[in-house]
Amino acid sequence: MPELPEVETTLRGISPYLLNKHIKSVRVRQRQLRWPVPAALSKTRDLKVTALQRRGKYIVAQTPAGSIIIHLGMSGSLRIQDKPFELRKHDHVIFDLGENVFLVYHDPRRFGSILWTTEPAALHPLLSKLGPEPLSDDFNGALLFKQSRKKKVAVKHFIMNSHIVVGVGNIYASESLFHSGIRPGKAAGRVTATAYDQLADNIKTVLSESIKSGGTTLQDFVNAKGEPGYFQQTLNVYGREGKACRQCGNTIKQRTIGQRSTFYCATCQS
DNA sequence: CTAAATACCTGATGGC
DNA sequence: TGCCATCAGGTATTTA
């Protein structure tokens, strides 16, 4: 259930154990994830991880032979442990990093994926069409304004589209729209340039503040060391239906947009 | 091309 | 305690 801050938190947690280290072998207990885990991975021996990066919600581990692309889906997590046999239900893939260090991929719903490509990862079909990183200078209000003209989709749905901008998931979409005073159901094409400037700024702020807090833990998100995040304490609308708006005191509302639960304050957002 | 619906899967929760 | 319906942090793919 990770969004960008949770993926970033995970990446930072596993990086010391993975970057410039060697993957001795990969053990696949359950290959049926979103897509089957490539057989090539099970056969690999001694892959040095020369770069470890995040692209959107994808984690990319580069090696001289190719790249491993990991997505955590809705319920995925990665953790480091020192014992090879202490595996839990839904621990699907285990990377042996040598010297009793193991990276374990855990994912009850199996919406996540682990892929292997010998092409540069950026050229992979899943990554090649992604929009800009929200925390980069390539992402701004002007881009949102330009991409949204004549679009009728709800602005919340629009900013959650990874081809427009990556990494804005269901929690942070509601939160950044609240901070910007924009109703989530408003047609993307009817949001003004000024409002998009604010929205882009607020997306950046909300995501970076969440990263500072170690991400949001609603039910079960934990970092690579098994610790929760604390950003949920800062949430203004997500999951707060029926409660008082922290800004105006009116009741926070919930409705469904694009099949996803959406939260907003009808007074503060128009 | 756009927009909406569907698909994948397990587990937690609440009503009866 | 059990059973059923509903919901959950994602997103590629199919359908209209």
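No experiment lies behind these values; they were computed from the predicted model shown. So that the names make sense, note that chain A is the first sequence line, chain B the second, and so on, each numbered from 1.
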Check your understanding: Just how far, in rounded Å, is C1' of C/dA8 from OH of A/Tyr172?
Key -> 15 Å
**Study point:** Inter-nucleotide P distance (C/dC3, B/dC9), Å rounded
**Key:** 23 Å
Check your understanding: Is A/Glu6 salt-bridged to A/Lys57, going by a charged N under 4.0 Å from an acidic O?
Key -> no
Review point. Is the shortest side-chain N/O distance from A/Tyr238 to OP1 or OP2 of C/dG9 below 4.0 Å?
Key: yes
Check your understanding: Taking CG from A/Leu72 and P from B/dT10, how many angstroms apart are they, rounded to a whole number?
Key -> 18 Å
Study note, to complete from the structure: Of the listed B/dT6, B/dT2, C/dG9, the closest approach to the A/Lys151 side chain comes from B/dT2
Practice item. Select base, sugar-phosphate, or nothing to describe what A/Lys129 touches, counting heavy atoms under 4.0 Å on all strands. Key: nothing
Check your understanding: Taking atom C1' of C/dT6 as reference, at what distance in whole Å does atom CD of A/Gln254 sit?
Key -> 12 Å
Point to revise | Identified pairing partner of B/dC9, criterion: Watson-Crick or G-U wobble below 3.5 Å | key: none
Exercise for review: Kindly say whether the aromatic ring centers of A/Phe231 and A/Tyr172 come within a distance under 6.0 Å.
Suggested key: yes
Check your understanding: Within the stacking criterion (centroid distance below 5.5 Å, interplanar angle below 30°), does A/Phe111 stack on B/dC8?
Key -> yes
Point to revise | Atom-to-atom span, CZ of A/Phe263 to C1' of C/dC7 - whole angstrom | key: 10 Å
Practice item. Ignoring backbone atoms, establish whether A/Gln32 has a side-chain N or O less than 4.0 Å from OP1 or OP2 of B/dC9. Key: no
Exercise for review: Using only heavy-atom distances, determine whether the side chains of A/Asp107 and A/His92 contain a donor-acceptor pair under 3.5 Å.
Suggested key: no
**Study point:** Residue-phosphate contact under 4.0 Å: A/Ser75 side-chain N/O, C/dA8 OP1/OP2
**Key:** no
**Study point:** A/His90 NE2 - B/dC9 P separation (whole Å)
**Key:** 13 Å
Practice item. Could you pick out which residue, A/Gln259 or A/Lys152, lies toward the 5' side of DNA chain B when each is mapped onto its nearest nucleotide? Key: A/Lys152
Check your understanding: If two hydrophobic side chains count as joined below 4.5 Å and joins carry through other members, does A/Met160 share a cluster with A/Ile164?
Key -> no
Exercise for review: Send over the distance from A/His92 NE2 to B/dT10 C1', rounded to a whole Å.
Suggested key: 9 Å
Practice item. Determine the interatomic distance between C1' on B/dA3 and the same-named atom on C/dG9; round to the nearest Å. Key: 24 Å
Check your understanding: Rounded to the nearest 0.5 Å, how far does NZ of A/Lys150 lie from CZ of A/Arg190?
Key -> 15.0 Å
Exercise for review: Using only heavy-atom distances, decide whether a donor-acceptor pair under 3.5 angstrom links the side-chain of A/Arg110 to the base of B/dC9.
Suggested key: no
Check your understanding: Do the side chains of A/Val93 and A/Val104 get nearer than 4.5 Å, heavy atoms only?
Key -> no
Practice item. Please report, rounded to the nearest Å, how far the P atom of B/dG11 is from the CG atom of A/Asp107. Key: 11 Å
Exercise for review: Check the distance between B/dC1's P and A/Asn161's CG and give it to me in whole angstrom.
Suggested key: 14 Å
**Study point:** NZ/NE/NH1/NH2 to OD/OE distance under 4.0 Å, A/Asp46 and A/Lys24
**Key:** yes
Review point. Restricting to pairs with a member in residues 155-172 of chain A, which pass salt bridge (Lys or Arg N to Asp or Glu O under 4.0 Å), not counting sequence neighbours?
Key: none
Exercise for review: Choose from B/dG11, C/dG10, C/dA8 the nucleotide whose nearest atom is closest to any side-chain atom of A/Ser261.
Suggested key: C/dA8
Revision key, fill the gap. Expected string for nucleotides 11-16 of chain C under the B/S/- scheme (protein heavy atoms, under 4.0 Å, primed atoms plus P, OP1, OP2 as sugar-phosphate) is BB----
